[in-house]
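Beneath this line is the structure, given in structure tokens, with notes to follow.
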Amino acid sequence: EKLYTESKGYPFVLSLLADFKAHEGIRPAIFYQQFFERTTQWMTDQQKVWLTFLLYLDDVNEGSVSLMIPDASSSIVVNWFRNEASVRDTQAPCFRVDPYIRSMLQHHHGNLVGKLIQNDFLERGKRACETPA
């Protein structure tokens, strides 16, 4: 029941959690890699890069995106994200990455870049969402 609740019933996530249950709650890095690959399998390389930045935003809008990803067209990124239901929180009052997916993909990103760089992403995301549009 705990695995079902944590996975939100997503069959792939449920199977990953069950596979790694033997590790007594410790998930190897490959778990997060597989989760990332499955979640982003239909995205282009550019969209995967955008998603990495969006993981650190509490509110995905043109203002926050322009501050978080200054080299990208914020309107193009937001338009893509609005239509990307596979990672978007469909219950939120604003556009944002689903909390469970966000947590898992942030963990994966941290595994790849380390705490120092990830802390920079966290700070940039925080500043982008605090700055008035």
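- In terms of the side chain to side chain donor-acceptor pair (under 3.5 Å) criterion, R88 has no residue partners (sequence neighbours excluded).
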Next on the checklist: Applying side chain to side chain contact (heavy atoms under 4.5 Å, CB included) to I69 and W50, what does each step give before you reach the verdict?
Outcome noted: CA-CA 8 Å; I69 320 172; W50 292 341; 4.3 Å; yes
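- Here the closest non-hydrogen pair linking K48 and T40 is CE-O, 3.2 Å.
- Judged purely by atom type and a 3.5 angstrom limit, S103 has no side-chain atom pairing as donor or acceptor with the backbone of Y100.
- Contact detail for Q33 and E37: the closest heavy-atom pair is NE2-OE2, 2.5 Å.
- With sequence neighbours left out, the side chain to side chain donor-acceptor pair (under 3.5 Å) criterion links R82 to N79.
- Looking at heavy atoms from C-beta onward, F121 lies in side-chain contact with I117 at the 4.5 angstrom threshold.
- Between the CD atom in Q47 and the CD1 atom in I76 there is a gap of 11.5 Å [rounded to 0.5 Å].
- You'll find the side chain of V65 stays beyond 4.5 Å of the side chain of F53, heavy atoms only.
- Side-chain contact between M68 and R127 is absent, with no heavy atoms from C-beta onward closer than 4.5 Å.
- Taking a 6.0 Å sphere around CG of D45, one finds it holds 12 or fewer heavy atoms contributed by other residues, nucleotides or ligands.
- Taken from CG in N111 to CG in L105, the straight-line distance is 11.5 Å, to the nearest 0.5 Å.
- S74 and E62 make their closest contact through CB-O, 3.4 Å (heavy atoms, listed as atom of the first residue, atom of the second, distance).
- In summary, D58 and R102 engage in a salt bridge, as defined by a charged side-chain N under 4.0 Å from a carboxylate O.
- Of the N and O atoms on the side chains of T44 and Q46, not one donor lies less than 3.5 Å from an acceptor on the other residue.
- Residues C129 and S64 come closest through the heavy atom pair SG-CB, 4.3 Å.
- L54 and V97 make their closest contact through O-CG2, 3.8 Å (heavy atoms, listed as atom of the first residue, atom of the second, distance).
- Among F36, F35, F31, the single residue meeting the ring-ring contact (aromatic ring centres under 6.0 Å, His included) criterion with H108 is F36.
- Two residues are said to be in side-chain contact when any heavy atoms from C-beta on lie closer than 4.5 Å; Q41 and R38 meet this criterion.
- Annotation: the span from D89 atom CG to I101 atom CD1 amounts to 9.0 Å, rounded to 0.5 Å.
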Checklist entry - Given W80 and L51, is the side chain to side chain contact (heavy atoms under 4.5 Å, CB included) satisfied, shown in steps? => result CA-CA 10 Å; W80 163 74; L51 178 60; 4.2 Å; yes
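- Scored by the side chain to side chain donor-acceptor pair (under 3.5 Å) test, Q118 finds Y56 as partners (sequence neighbours excluded).
- What you find for L55 and Q106 is that their closest heavy atoms are O-NE2, 2.7 Å.
- Within a 6.0 Å sphere centred on CD of Q91, heavy atoms belonging to other residues, nucleotides or ligands number 12 at most.
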Item to check | Residues V87, F81; criterion side chain to side chain contact (heavy atoms under 4.5 Å, CB included); working and verdict | outcome: CA-CA 8 Å; V87 294; F81 186 71; 3.9 Å; yes
